[in-house]
2 protein chains.
Amino acid sequence: MTTLPQPLTKGELVSLTPQHWRTRLEQAMQDEQQRMTRTRRLVLDWITAAEAPFSAETLVDDLTTRQGIISRPTIYRAVEWLRRTGWIGRIHHDGAEHTYARLLPGHYHHAVCTACGLTLVFGGCDLTQALLHTLVAHGFTVQGHLLELYGHCANCQQT
Amino acid sequence: MTTLPQPLTKGELVSLTPQHWRTRLEQAMQDEQQRMTRTRRLVLDWITAAEAPFSAETLVDDLTTRQGIISRPTIYRAVEWLRRTGWIGRIHHDGAEHTYARLLPGHYHHAVCTACGLTLVFGGCDLTQALLHTLVAHGFTVQGHLLELYGHCANCQQT
DNA sequence: GTCGTATTGATACGGAGTATCATAAAGCGA
DNA sequence: TCGCTTTATGATACTCCGTATCAATACGAC
């Protein structure tokens, strides 16, 4: 596992550090002339410090009480923006509310440790080429796909 | 594309007909001594006839008005039971409410035509073996994964 | 500082999904 | 077929996630 190259080559697997994520995100916000407001900084600080995949409501609970007044709609707007632009990814859970994990935009897939939130990012999707080929042979045109892996990282297995 | 063998061999790709799904489901309900009530029959009839992935609320709208009184909680109980036992699978959508498609229980993945709801089911997950191997080499234990493919089937591409 | 624009907060609303509990129906054994 | 036990259903009300609206505010370019 190395520091994150850009872009990921196919099949490569790296861990995404919070610091790296934050740096890249702030660069992107500058490039795209997104305003860095007080509120967004607080939200980004919180997400950068998050140690496990988080739910939007956790953010709301913390940021509306502790850090001064940040309204629920604003937090949801920030989260939705990050999700839409690919900086966080939604993790689906049966029944429970979904959670989010830090990601890099682009065509990546990810494996998330459900205990500590460690996010492994891997590039390309060679792994499904055989499947895609089979589908195409049946006349099926693939427009999108979703691949999420859940489990425990090396650290969290020991506990 | 053939009729559905049991069980699916790895990499095999077949379409799941509503009739086949219904037959297998009723067998399973008998085997597991699940009561076939009037309400469940109506719900199953509706799902069997569904031509595209459906939302729970669509079911509610149709079944509470047209088919006599079926209450919202009952419909949600039926849907949740089918999901939990693997007879329907949840399809995730950004923003919008999630939908469901007919599936067979077991370790399958699926490709769903977002236009007509045709569901292609494929068994095994050889396709991700290389990835799983890489993850294990990094000490990551995979507990679960989610692979969904969206697109258009041969029929729906022509329109 | 001033100004135009994007963002925020307050409020209230909508909608999906569920807890509760008395009633009704399914299925089984006699 | 009748009754009995168990399970499912319906009515009601409620919780909670997420969002529309819009006036007020903060950003940051000049």
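Just so it is clear, the structure is predicted and the values come from calculations on it, not from any experiment. First the proteins, then the strands, lettered A, B, ... as listed; each starts at 1.
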Next on the checklist: Applying side chain to side chain contact (heavy atoms under 4.5 Å, CB included) to B:Trp87 and B:Ile47, what does each step give before you reach the verdict?
Outcome noted: CA-CA 11 Å; B:Trp87 290 98; B:Ile47 294 180; over 6 Å; no

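- Taking all atoms of both residues into account, the shortest heavy-atom contact from A:Cys113 to A:His152 is SG-CA, 3.8 Å.
- A:Trp81 has its CH2 atom 17 Å from the P atom of D:dT19, to the nearest Å.
- Within the helix from C:dG1-D:dC30 to C:dC13-D:dG18, the inter-axis angle between the opening and closing five-pair segments is 40°, rounded to 10°.
- Straight-line distance from the CZ atom of A:Arg41 to the P atom of D:dA26: 15 Å, rounded to whole Å.
- Closest non-hydrogen pair, A:Leu44 versus A:Met29, comes out as CD1-SD, 4.0 Å.
- The distance between atom CZ of A:Arg72 and atom C1' of D:dA20, rounded to the nearest whole Å, is 15 Å.
- Using a 4.5 Å cut-off on side-chain heavy atoms (C-beta onward), A:His98 and A:Ser55 make no contact.
- If you check every strand for non-hydrogen atoms under 4.0 Å, B:Glu80 touches nothing.
- Across the protein-nucleic acid pair, B:Gln30 atom CD and C:dC28 atom C1' stand 15 Å apart, rounded to whole Å.
- End-to-end axis angle of the helix from C:dG15-D:dC16 to C:dA30-D:dT1, using five pairs per end and rounding to 10°, comes to 30°.
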Checklist entry - What one-letter contact string describes nucleotides 3-10 of chain C from 5' to 3', where B marks a base within less than 4.0 Å of any protein heavy atom, S marks contact via sugar-phosphate atoms alone, and - marks no contact? => result -BBBSBBB

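- The aromatic rings of B:Phe54 and B:Tyr100 lie tilted to each other, with the angle between the two planes from 30° to 60°.
- The two residues A:Arg40 and A:Arg35 come nearest to each other via the heavy atoms NH1-O, 2.9 Å.
- A pairwise comparison of heavy atoms in B:Gly89 and B:Leu103 identifies CA-CD1, 3.6 Å as the closest pair.
- Residue B:Tyr76 places at least one side-chain N or O under 4.0 Å from the OP1 or OP2 atom of C:dG17.
- At least one donor-acceptor pair closer than 3.5 Å links the side chain of A:Thr85 to the backbone N or O of A:Trp81.
- The minimum heavy-atom distance between B:Ile88 and B:Val79, with the atom names listed, is CD1-O, 3.5 Å.
- The CE-P distance, from A:Met36 to D:dG28, rounds to 9 Å in whole Å.
- Rounded to a whole Å, the CG atom of B:Leu42 is 13 Å from the C1' atom of D:dT9.
- Neither OP1 nor OP2 of C:dG15 sits under 4.0 Å from any side-chain N or O of B:His98.
- Using a 4.0 Å cut-off between charged side-chain N and carboxylate O, A:Arg77 and A:Glu80 make no salt bridge.
- Across all non-hydrogen atoms, the minimal contact from A:Phe140 to B:Cys153 is CD1-CA, 3.8 Å.
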